[in-house]
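Worth knowing before you read on, the calculation uses all heavy atoms, side chains too, and leaves out hydrogens, waters and symmetry mates. Not measured: the values here are computed from a predicted model.
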Amino acid sequence: MTSSPAPLPLEHSRFAVVDVETTGGRAQRGGRILEVAVAILEAGTVHLAFTSLLDPGTPIPPWVARLTGITDGMVAGCPRFADVVPDLGHALDAGVFVAHNAHFDWRFLEAECVAAGVPAPGGKPLCTVRLTRRLVPELRRRALDQVAAFFGIENPARHRAFGDALATAYVLRALLGRARERGVETLEQLIEVHDRPRHKLRIADVGLRIGRPPVESAIRNPQSAIPS
């Protein structure tokens, strides 16, 4: 009988914080990624590990160009998503996938992986919107602008993937500080706080239960390797 690995302390955890800019609001309706970035948070330090503009293979709608400042001319000649999968996967490797409104970024990456003919991400991401809801209940508006302002975090490149990924990483660092104040010491405990319904949330309760790890993906998420 093999023993389970020891719980991973938060200070030893590595987080891959992702942001994507897209041509539309829904991947299932043909939206494509036109910029992707990954910021790493580890041992309290944040750095940008990967960033790239992408040729989405479709014209950028005017409203997206106005919002992001990214134009068709800027992405002309840029790599396609399939071209950056190896470097993107390396940036995400061994880091827990995190994003602000993570379902959005996760679904777009999943759709792009399918279109590129590579395995889609496995596991389950952590969402800083959800963590904010649980750890900062006094904050009623949880868009990135509001959460960053609450923690005194500046974002000089809003609506660019590299700017939003870095801002989200600093937001996550602040949220981890809040979690520690409430007795959360391990990655497993943080995931439990993240996953528990609000009406059942008890931060001191650390009885974590996670299902079987999913099939390995080309873009791996080490959260999925946490044993049940």
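Between F81 and C113, some side-chain heavy-atom pair lies under the 4.5 Å cut-off. L144 has its side chain within reach of R158: a pair of non-hydrogen atoms, C-beta onward, lies under 4.5 Å apart. T23 has its side chain within reach of P61: a pair of non-hydrogen atoms, C-beta onward, lies under 4.5 Å apart. Contact check for L131 versus L172: side-chain heavy atoms found under the 4.5 Å cut-off. You'll find the side chain of L88 reaches within 4.5 Å of the side chain of L109, heavy atoms only. Counting only heavy atoms from C-beta outward, the side chains of V147 and H100 approach each other to under 4.5 Å. At least one side-chain heavy atom of F15 sits less than 4.5 Å from a side-chain heavy atom of L190. At least one side-chain heavy atom of D164 sits under 4.5 Å from a side-chain heavy atom of E21.
Residues F97 and V114 are members of separate hydrophobic clusters, defined by side-chain heavy-atom contacts under 4.5 angstrom among Ile, Leu, Val, Met, Phe, Trp and Tyr. By the rule that hydrophobic residues join a cluster once side-chain heavy atoms approach within less than 4.5 Å of another member, W106 and V129 end up as members of separate clusters. Under the 4.5 Å side-chain heavy-atom criterion for grouping Ile, Leu, Val, Met, Phe, Trp and Tyr, I33 is not connected to V64 through any hydrophobic cluster. At a threshold of 4.5 Å between side-chain heavy atoms, the hydrophobic network of Ile, Leu, Val, Met, Phe, Trp and Tyr places L175 and L8 in one connected group. Under the 4.5 Å side-chain heavy-atom criterion for Ile, Leu, Val, Met, Phe, Trp and Tyr, F150 and L176 are members of the same hydrophobic cluster.
Distance check: H103 NE2 to F108 CZ gives 10.0 Å after rounding to the nearest 0.5 Å. For the atom pair CD of E11 and CG of L187, the computed distance is 11.5 Å after rounding to the nearest 0.5 Å. Distance check, rounded to the nearest 0.5 Å: SG of C127 to CZ of R142 gives 11.0 Å. To the nearest 0.5 Å, the span separating CZ on R32 from CZ on R80 amounts to 7.0 Å. Taking CG of D19 as the reference point, atom CZ of F104 lies at 8.5 Å (rounded to 0.5 Å). Once rounded to the nearest 0.5 Å, the distance linking CG of L67 with CD1 of I60 reads 11.5 Å.
With sequence neighbours excluded, no residue forms a ring-ring contact (aromatic ring centres under 6.0 Å, His included) with F50. Remark: R160 engages E35, L53, I70, M74, A157, F162 in a side chain to side chain contact (heavy atoms under 4.5 Å, CB included) (not counting sequence neighbours).
Listed by first and then second residue, the salt bridge (charged side-chain N to carboxylate O under 4.0 Å, His left out) pairs that reach into residues 41-50 are R14-E42, sequence neighbours excluded.
Among all heavy-atom pairs drawn from A102 and L126, the shortest one is CB-O, 3.6 Å. Nearest heavy-atom pair across D72 and T58 is OD1-O, 4.5 Å. Here the closest non-hydrogen pair linking A169 and A39 is CB-CB, 4.0 Å. In terms of heavy-atom proximity, D105 sits nearest to A99 at OD1-CB, 3.7 Å. Summarising the geometry of P7 relative to T186, their closest heavy-atom pair is CB-CG2, 3.8 Å, with the distance given to 0.1 Å. In plain terms, the two heavy atoms of A165 and V17 that are nearest each other are O-CG1, 3.6 Å.
The backbone N or O of R130 lies less than 3.5 Å from no partner atom in the side chain of H194, so there is not a single donor-acceptor pair. Looking only at distances, no side-chain donor or acceptor of T45 sits under 3.5 Å from a matching main-chain atom of L41. Side-chain atoms of R134 come within 3.5 Å of backbone N or O of V193 as a donor-acceptor pair. Here the side chain of R178 pairs a donor or acceptor atom with the backbone of L135 at under 3.5 angstrom.
Annotation: R26, atom CZ; neighbour count of heavy atoms from other residues, nucleotides and ligands within 6.0 Å does not exceed 12.
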Verdict with reasoning, K124 to D195, per side chain to side chain contact (heavy atoms under 4.5 Å, CB included): CA-CA 10 Å; K124 182 179 179 182; D195 289 349; 3.3 Å; yes
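The existence of a salt bridge linking R107 and E110 is confirmed by a sub-4.0 Å separation between a basic side-chain nitrogen and an acidic carboxylate oxygen.
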